Q: 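This is the structure I want to talk about, given as structure tokens.
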Number of protein chains: 2
Amino acid sequence: MKKQTNANEAQECPSERVRQQLHRALRLLSGKWKGEILWQLVDGKQRFGQLRRAIPDVTQHMLTTQLRDLENEGLVKRTVFAEVPPRVEYEMTPAAKALRPVFEELSRWADAHGRLDPDPPAVDDDAKGRISPPDRPSRSAP
Amino acid sequence: MKKQTNANEAQECPSERVRQQLHRALRLLSGKWKGEILWQLVDGKQRFGQLRRAIPDVTQHMLTTQLRDLENEGLVKRTVFAEVPPRVEYEMTPAAKALRPVFEELSRWADAHGRLDPDPPAVDDDAKGRISPPDRPSRSAP
DNA sequence: CTGTATCCTACTGGATACTG
DNA sequence: CAGTATCCAGTAGGATACAG
């Protein structure tokens, strides 16, 4: 006797599809630095060294690795300039740019529930509604 | 009591804060099954076995582990009923419920860019605007 | 039914040194 | 400047068996 519920459950159930999408999407971002790297690129292309300075706790090795991952996942475009000194620029692909709403929602959530303490009294909605892209420290810094 | 802004951190720009928030938030969700578990709970409380059936590829061990993580992170509330047979119910905390917009954005994104193929022709905005919570197969199926 | 206890493998992430 | 090559520790994740 076969199940008489939905015979074709795998491809037709929308929630099943959503589940798998969530799984894959979260896996793409699962990496200690992926989120931060992408967020740095939201504002535009960045050089390797700029990213390195913008994310102080990351090592070159890790930055390279995660960057390569993101490239293979189609979230980051890498451009090499044949010059001396060498220059490499990274930028988000359109797919990655579409992630920005996700990041904004996530930041907003973390802002409200980041510590998960039962003590979030002074909540000023006006102050946290907008999320700004990362600052780009110009090279004029000493 | 309000958090005093340290004079030493006078250069604290909002984007720096956002970066750290993203880092922490993604770490909370970094776990092979966390996202799926939470999505299953979006619709309401679920028993251990229900979750297990809803996420076919997860083992008890992993389900237990990730559930404990989520509990310690304050995203899931665990309720044990002293009965035979034993019953344990899991439900999202308010903090986790606030994550729903994030999941919806993420699902929407994965739907559009999940495969990252340059071939997404049949885009029906009307069909993908709404994200449904997971189906709950009732126990009435013998 | 809902777990815990082992054990074990693979992968992630980090330190360091070297290269074009 | 922007990598690559090793090496290595810690941990996440999975199989299996057992228990309340």
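None of the values given here were measured: they were computed from a predicted structure. So you know, we letter chains A, B, ... as the sequences are listed, proteins then strands, and number each from 1.
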Q: side-chain contact (heavy atoms from CB on, under 4.5 Å) with A:Glu91: which of A:Leu41, A:Thr79, A:Val76?
A: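 That would be A:Thr79.
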
Q: Just say parallel, tilted or perpendicular for the rings of B:Tyr90 and B:Phe48, cut-offs at 30° and 60°.
A: tilted

Q: When you measure from the side chain of A:Arg19 to the backbone N and O of B:Ala54, does any donor-acceptor pair fall under 3.5 Å?
A: yes

Q: State the CZ-CD distance between A:Arg27 and A:Glu73, to the nearest 0.5 angstrom.
A: 9.5 Å

Q: Using a 4.0 Å heavy-atom cut-off, write out nucleotides 2-17 of chain D from 5' to 3' as B (base contacted by protein), S (sugar-phosphate only) or - (no contact).
A: SSBBB------BBB--

Q: Tell me yes or no: between the side chains of A:Glu16 and A:Gln20, is some donor less than 3.5 Å from an acceptor?
A: yes

Q: Could you tell me the boundaries of the chain A footprint on DNA chain C, defined by atoms under 4.0 Å from its heavy atoms?
A: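 The footprint of chain A covers C:dG13 to C:dG20.
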
Q: So, using salt bridge (Lys or Arg N to Asp or Glu O under 4.0 Å) as the criterion, who are the partners of B:Arg87 when residues are at least two apart?
A: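 For B:Arg87, the residues satisfying salt bridge (Lys or Arg N to Asp or Glu O under 4.0 Å) (neighbours in sequence not counted) are B:Glu83, B:Glu89.
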
Q: Using the rule side-chain contact (heavy atoms from CB on, under 4.5 Å), only one of B:Leu67, B:Leu28, B:Leu70 pairs with B:Lys34; which is it?
A: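 The side-chain contact (heavy atoms from CB on, under 4.5 Å) with B:Lys34 is passed solely by B:Leu70 among B:Leu67, B:Leu28, B:Leu70.
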
